[in-house]
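Notes follow the structure.
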Amino acid sequence: MIDPKHLRNEPEAVAANLARRGYVFDVAAYRALEAQRRELQSVTQALQNERNQRSKAIGAAKQRGEAIEPLKVEVADLGDRLEQAQQRLTEVQQRLEAWQLELPNLLDERVPEGSDEADNLELRQWGGIPVFDFTPRDHVDLGAQLGGMDFEAAARITGSRFVTLSGDLARLHRALIQYMLDLHISEHGYREVYVPYLVNAQALIGTGQLPKFADDLFCIDHDPEWYLAPTAEVPVTNLVQGQIIEEHDMPLRFVSHTPCFRAEAGSYGKDTRGMIRQHQFEKVELVQVVRPHESWNALEALTGHAEAVLRRLGLPYRVVSLCSGDIGFAAARTYDIEVWLPAQQRYREISSCSNFTDFQARRLKARWRNPETGKPELLHTLNGSGVAAGRCLVAILENYQQADGRVAVPEVLVPYMGGRRWLGEGEGS
RNA sequence: GGAGAGGUGGCUGAGCGGUCGAAAGCACCCGACUUGAAAUCGGGUGAGGGCAUGCGCCCUCCGGGGGUUCGAAUCCCUCCCUCUCCGCCA
């Protein structure tokens, strides 16, 4: 949520910022509603004040042993007037709040202008693009040849956009996750957390998935409604929901391995082949909870932590700064890390690292105690994939493939693979 | 699933329907004492919001929602959560 005070004081500035996203904020309509709110609130509070005074007077009179019936008659219609005013105020307040919950975060000024993916700004590349003396196969073909990647079985069990892995591939997938967790815990200072995969609406509102993006979520038939978490960002960031964090505990750095569930509504016909876009995938997520003044540095550090995974795995990648038209709802600034996929001859997103500034914190009522003021103040939240396991598996298969269909195991994963150096030979394949 | 207890400020914990936003303690801040610190003493200290934006005035908040009442932290209904015991169980 955008700071309501800022919204009130400078709606034009907010509108101008949001316009960069292509979001139209109707300042006049907002002003009108806000004026209504102000008027109704003043009236309501005046009535409440009167009620309080009268009630106190009645209480005092009663204690003096005076008759209170005449006093009660005087306030007979006060209750009705108050209730009416309150109802209208509540209605306007709810409309305002609903509106504010649908406003995306303000963009940082460094976010490049643009309308879509094509306008994202490349910041750096790492690793040479591999050259093959044969036509590289994609991960689906490789998986079929290696055995153990079965989309048909998953379709029987559930439907499209699911996969089953078995043997070496299942183990490699698990090895990746273990490796990433170990790296972030032992070298990057994160604390591992285990969290619920089913989350309630309030948690999703807190991080910004609701109310606007309900179509992207799987909802469970349960009262109250529960949703399958689309990313660990939701349960992990909500660890600080409603909390006041002491300064000496900050910054908080959490890493969590979870499955992620996405309805992928609106992506029909997109990436229908293979594991790139699934309803269910595994991810190792990095979340940071920081003091406001350090969040921009934290974004650089967090992105570096995600990059470290790809460097250690020897996977070529680039980092792009998402443009104003492509950046997510809650983010003030986002770096996407894109890994090279030889079969597609292009970079594909494997991590997305964002600074949400105080946008999520305001929705979450997540605060820290600022020692300079002694008061609880909104903190800043960040997160990034570190990294998506499914897509990383794809990248390893495609980048490490050999002419004969075997796949080399990245050096750092060998210990996690029981010493195995090759997929496609020996037991397990 | 069955039975019971409870959810109050940063924490612990009081609170006959009427100056209760809430006692007390802890923690914290300021001051005094002290060479300094500790201890002690005095004072202060919840959050969100509206109007004024000089001081200030006012509203809301005692798990969530609804109700009774002139008036609710206090009574009623309902939902959620926590704890204890029993049952079942990965």
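Heavy-atom basis, side chains included; hydrogens, waters and symmetry copies ignored. Here the structure is a predicted model, which is why all the values come from computation and not from measurement. All chains are named by letter (A, B, ...) in the order of the sequence lines, taking the proteins before the strands, and each is independently numbered beginning at 1.
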Toward the 5' end of RNA chain B, by each residue's nearest nucleotide, A:Pro4 or A:Trp226: A:Pro4
RNA chain B: stems of at least 3 consecutive Watson-Crick or G-U pairs whose donor-acceptor distances fall under 3.5 Å: B:1-7 with B:80-86, B:10-12 with B:24-26, B:28-32 with B:40-44, B:46-51 with B:56-61, B:63-67 with B:75-79
Spacing of the P atoms in B:C55 and B:U60 (rounded, Å): 24 Å
Same-atom distance (P) from B:C61 to B:G66, integer angstrom: 11 Å
Nucleotide nearest A:Arg38 (side chain, heavy atoms from C-beta), chosen from B:G50, B:G10, B:G18: B:G50
Can you give each donor-acceptor pair under 3.5 Å made by side-chain atoms of residues 15-40 of chain A, sequence neighbours left out, with the distance rounded to 0.1 Å?
unit_1: A:Asn17; atom_1: OD1; unit_2: A:Leu107; atom_2: N; d: 2.8
unit_1: A:Asn17; atom_1: ND2; unit_2: A:Leu107; atom_2: O; d: 3.1
unit_1: A:Arg20; atom_1: NE; unit_2: A:Glu113; atom_2: OE2; d: 2.6
unit_1: A:Arg20; atom_1: NH2; unit_2: A:Val111; atom_2: O; d: 2.6
unit_1: A:Arg20; atom_1: NH2; unit_2: A:Glu113; atom_2: OE2; d: 3.0
unit_1: A:Arg21; atom_1: NE; unit_2: A:Asn105; atom_2: O; d: 3.0
unit_1: A:Arg21; atom_1: NH1; unit_2: A:Gly328; atom_2: O; d: 2.9
unit_1: A:Arg21; atom_1: NH2; unit_2: A:Asn105; atom_2: O; d: 3.0
unit_1: A:Arg21; atom_1: NH2; unit_2: A:Gly328; atom_2: O; d: 3.3
unit_1: A:Arg21; atom_1: NH2; unit_2: A:Ala331; atom_2: O; d: 2.7
unit_1: A:Asp26; atom_1: OD1; unit_2: A:Ala28; atom_2: N; d: 3.2
unit_1: A:Asp26; atom_1: OD1; unit_2: A:Ala29; atom_2: N; d: 3.0
unit_1: A:Arg31; atom_1: NH1; unit_2: A:Glu12; atom_2: OE2; d: 3.0
unit_1: A:Arg31; atom_1: NH2; unit_2: A:Glu12; atom_2: OE2; d: 3.1
unit_1: A:Glu34; atom_1: OE1; unit_2: A:Arg37; atom_2: NH1; d: 3.0
unit_1: A:Glu34; atom_1: OE2; unit_2: A:Arg37; atom_2: NH1; d: 2.0
unit_1: A:Arg37; atom_1: NE; unit_2: A:Gln41; atom_2: OE1; d: 3.2

Nearest-Å distance once atom P is located in both B:U45 and B:C29: 16 Å
Selected nucleotide, minimal atom distance to A:Arg8 side chain, candidates B:G50, B:C70, B:A47: B:G50
Sugar-phosphate only, base, or nothing, as touched by A:Lys62 at under 4.0 Å among non-hydrogen atoms: base
Nucleotide B:G48, atom C1' - distance to CZ of A:Arg362 in whole Å: 13 Å
Which residues share a salt bridge (Lys or Arg N to Asp or Glu O under 4.0 Å) with A:Arg363, sequence neighbours left out: none
Whole-Å gap separating P (B:A47) and NZ (A:Lys365): 16 Å
Within 45° cone of A:Phe254 ring axis and under 6.0 Å: A:Arg191 NZ or CZ: no
Between A:Thr164 and A:Asp150, a side-chain donor and acceptor under 3.5 Å: no
Side-chain N or O of A:Asn49 closer than 4.0 Å to phosphate OP1/OP2 of B:C58: no
Distance, P atom - from B:U12 to B:C83, rounded to whole angstrom: 14 Å
Pairing residues for A:Gln278 by the side-chain hydrogen bond (donor to acceptor under 3.5 Å, both in side chains) criterion, not counting sequence neighbours: none
Salt-bridge criterion met for A:Lys375 and A:Glu377 (N-O under 4.0 Å): no
Footprint string (nucleotides 60-69 of chain B, 5' to 3'): B base within contact, S backbone only, - free, heavy atoms under 4.0 Å: S---------
Distance, rounded to the nearest Å, where A:His248 contributes NE2 and B:G10 contributes P: 15 Å
Pairwise C1' distance, B:C58 and B:A52 [rounded to whole Å]: 11 Å
Partner residues of A:Glu50 under the salt bridge (Lys or Arg N to Asp or Glu O under 4.0 Å) criterion, sequence neighbours left out: A:Arg54
Side-chain donor or acceptor of A:Asn238 paired with backbone N/O of A:Val234 under 3.5 Å: yes
First encountered from the 5' end of RNA chain B, between A:Pro376 and A:Thr44: A:Pro376
Spacing between A:Ile244 atom CD1 and B:G9 atom P, to the nearest angstrom: 10 Å
Residue among A:Met275, A:Glu349, A:Glu338 satisfying side-chain contact (heavy atoms from CB on, under 4.5 Å) with A:Arg391: A:Glu349
Distance in angstrom units between A:Glu50 CD and B:C59 P, rounded: 12 Å
Euclidean distance for C1', B:C88 against B:G71 (whole angstrom): 49 Å
Phosphate OP1/OP2 of B:G71: any A:Lys56 side-chain N/O under 4.0 Å: no
B:G10 phosphate, OP1 or OP2, under 4.0 Å from A:Arg367 side-chain N/O: no
Lys/Arg-Asp/Glu bridge criterion (N-O < 4.0 Å) met for A:Asp3, A:Lys5: no
Between B:U69 and B:U84 - C1' atom distance, rounded Å: 37 Å
Nucleotide B:C28, atom P - distance to CG of A:Asn370 in whole Å: 18 Å
Separation of atom CG in A:Leu47 from atom P in B:C51, rounded to whole Å: 17 Å
Residues A:Tyr416 and A:Asp182: side-chain donor-acceptor under 3.5 angstrom: yes
Nearest-Å distance once atom C1' is located in both B:G49 and B:C85: 45 Å
Spacing of A:Glu372 atom CD relative to B:C29 atom C1', expressed in whole Å: 15 Å
